[in-house]
Number of protein chains: 2
Amino acid sequence: MSLPRSNTKQRILDSAESLFAQQGLAATSLRAVIAAADVNSAAIHYHFGSKEALVEAVFERRIEPVNRERLARLQHLEASAGDSGVAMVELLEAFIHPLLKLGQELGDRGPVVVRLLGRLRSEEPDSLIALAQAHMREVHGRFSRAAAQSVEGLTQEEASERFEYVHAAVAWILTHLAHASEKPPEYVELQDRFQRMINFMEVGLQQPSRIRMENLRPNDNGAAR
Amino acid sequence: MSLPRSNTKQRILDSAESLFAQQGLAATSLRAVIAAADVNSAAIHYHFGSKEALVEAVFERRIEPVNRERLARLQHLEASAGDSGVAMVELLEAFIHPLLKLGQELGDRGPVVVRLLGRLRSEEPDSLIALAQAHMREVHGRFSRAAAQSVEGLTQEEASERFEYVHAAVAWILTHLAHASEKPPEYVELQDRFQRMINFMEVGLQQPSRIRMENLRPNDNGAAR
DNA sequence: CACCGATTCAAGCAACCGCTTGAATCATAC
DNA sequence: GTATGATTCAAGCGGTTGCTTGAATCGGTG
């Protein structure tokens with residue numbers, strides 16, 4: 001009930017976050033985390049229970065506020081949009097901007113966190129895959145549904161597929177950020193890359209679904225747009 | 001100089017390939033490979049020398065013919081193309097079709113191999129990253145250069161960036177192929193997914209670079225296209 | 001002060017890891 | 001048949017892994 005006399009849990013989370021971001025999950029041993037955090041060797045299992053639980057805690061701390069803001073922005077967009085749906089650029093920015101904002105707010109830790117989140121897509125352990133799916137399902141579904149609504153003749157399934165590619169590109173940018181440049185607070189470069197990526201993805205997302213339109217909809221009186 | 005009396009090396013490669021594709025590299029121990037291949041425990045180090053060398057051999061066996069065909073197709077396209085460069089769809093198909101062809105030729109092993117190649121992008125060990133870069137540098141450079149040439153006002157740097165996203169999408173499709181459907185030779189579905197992905201990426205790739213055009217080229221007399 | 005739950009500590013367990021060793025076994029050449 | 005080089009075999013090496021243990025130490029409470 002009282003304050004812990006030391007910030008052991010916090011230090012473990014921070015150290016694990018850095019090491020996971022740099023080396024990946026499998027390559028990071030709990031002993032390395034313990035050494036980096038300068039805590040006792042049993043502290044991780046006392047505070048978290050297992051390596052898997054630590055991994056979940058590390059990712060959960062960062063992805064939760066990002067996804068919350070994503071959904072809030074989307075809701076705001078949908079509320080102020082007309083019947084034609086949300087503009088695609090705004091949709092993409094609502095998806096990406098919370099990441100940039102988090103990175104900037106965290107200062108020095110920004111690049112580390114941003115790179116960590118990039119790993120949420122590529123890392124292997126089944127537990128993390130399940131975690132990623134649990135955290136992204138709602139966001140992915142809401143965003144791809146909004147994309148399908150804003151494009152005439154785009155099925156929800158294909159919008160979902162395309163948003164997977166957007167997500168893959170985002171993860172690629174995030175994980176290969178610190179790879180190229182070593183200076184941490186270089187967010188101008190990151191922002192430019194995301195801007196170019198949005199320009200690239202936008203036009204593709206606005207294409208109607210091809211196969212379904214031509215083959216399965218002979219009686220379509222689409223007149224809008 | 002003579003034929004080996006047993007196909008130990010082959011069996012090791014096949015078993016390692018399957019396990020790497022299913023579980024990833026870090027999660028696959030040499031002992032698991034040994035057990036799956038049913039060979040002696042020292043066979044891997046006798047035939048390959050180390051786990052790292054085995055990983056390289058496993059990936060090299062598959063990626064080399066794919067990239068060779070990619071380059072051959074690209075060369076053929078460039079030879080028969082006019083001054084306006086290669087059509088973007090053909091470029092994308094030249095990049096992707098060798099993968100599909102390999103998967104079909106290998107029959108039952110196709111999905112395994114195809115999933116393995118998807119891991120070439122996401123797996124962690126530095127040695128594999130270096131291997132992937134070594135194998136992909138020429139292909140990536142040649143294809144993104146061809147893309148830049150076929151689009152008016154597209155810089156080579158931005159074409160390279162965009163092709164990274166294409167590559168990320170390809171890897172995503174490959175690694176999540178067997179994830180969804182369990183029936184191995186379901187290539188119609190894979191082919192459809194790639195077709196939709198090409199339709200999606202094509203229009204984005206054909207966009208000119210924005211920032212450079214507007215800010216840095218006041219004396220540009222672009223009249224072509 | 002005595003007490004108690006929460007936290008820290010030093011030490012170590014069993015299991016697994018990649019890799020090595022030295023002898024046995026094989027196919028071939030002479 | 002015997003020598004030779006390539007391959008297979010059973011066993012085990014040192015090191016690392018995630019995790020556990022039982023006692024020591026702390027802060028707050030009666």
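Below, chain A is the first sequence line, B the second, and so on; all start at residue 1.
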Going by the side-chain hydrogen bond (donor to acceptor under 3.5 Å, both in side chains) test, name the single residue among B:Q75, B:H76, B:E69 that passes it with B:R73. B:E69
Please compare B:A26 and A:D38 by the position of their nearest nucleotide in DNA chain C and report the one closer to 5'. A:D38
Closest to the A:T8 side chain: D:dC19, C:dC19, C:dT8? C:dT8
To the nearest Å, how far apart are A:I34 CD1 and C:dC9 C1'? 12 Å
Would you call B:K9-B:D14 a salt bridge at under 4.0 Å N-O? no
Looking only at C:dT8, C:dC19, D:dC19, the nucleotide nearest the A:L30 side chain is D:dC19
Distance in angstrom units between B:N7 CG and D:dT7 C1', rounded: 13 Å
For nucleotides 10-16 of chain C, read 5' to 3', which letter fits each nucleotide if B means a protein heavy atom sits under 4.0 Å from the base, S means only the sugar-phosphate is that close, and - means neither? BBB----
Round to a whole Å and report the spacing from NZ of B:K51 to P of C:dC19. 8 Å
Scan side-chain atoms only and decide if B:R109 and B:S18 contain a donor-acceptor pair under the 3.5 Å cut-off. yes
Whole angstrom value for the distance that separates P of C:dC17 from CD1 of B:I44: 12 Å
How about B:H167 and B:F95: are their ring centres within less than 6.0 Å of each other? yes
How many Å lie between CZ on A:R11 and P on C:dT7, as a whole number? 15 Å
I'd like to know whether B:H140 forms a side chain to side chain donor-acceptor pair (under 3.5 Å) with B:S160, so could you lay out the CA-CA distance, the side-chain angles of the two residues, the decisive distance to 0.1 Å, and finally the verdict. CA-CA 7 Å; B:H140 184 85; B:S160 174; 3.0 Å; yes
From the candidates C:dC19, D:dC19, C:dT7, the one with an atom nearest any side-chain atom of B:H45 is C:dC19
How close or far is atom P of C:dC19 from atom NE2 of B:H47, stated in whole angstroms? 16 Å
Check whether the side chains of A:R70 and A:N67 place a donor and an acceptor atom closer than 3.5 Å, and report yes or no. yes
In whole angstrom, what separates A:K9's NZ from C:dT8's P? 11 Å
Hey, could you give me the CG/CD1 distance between B:L30 and B:I44, rounded to the nearest 0.5 Å? 4.5 Å
When the distance from OH of A:Y46 to C1' of C:dT8 is rounded to whole Å, what number comes out? 9 Å
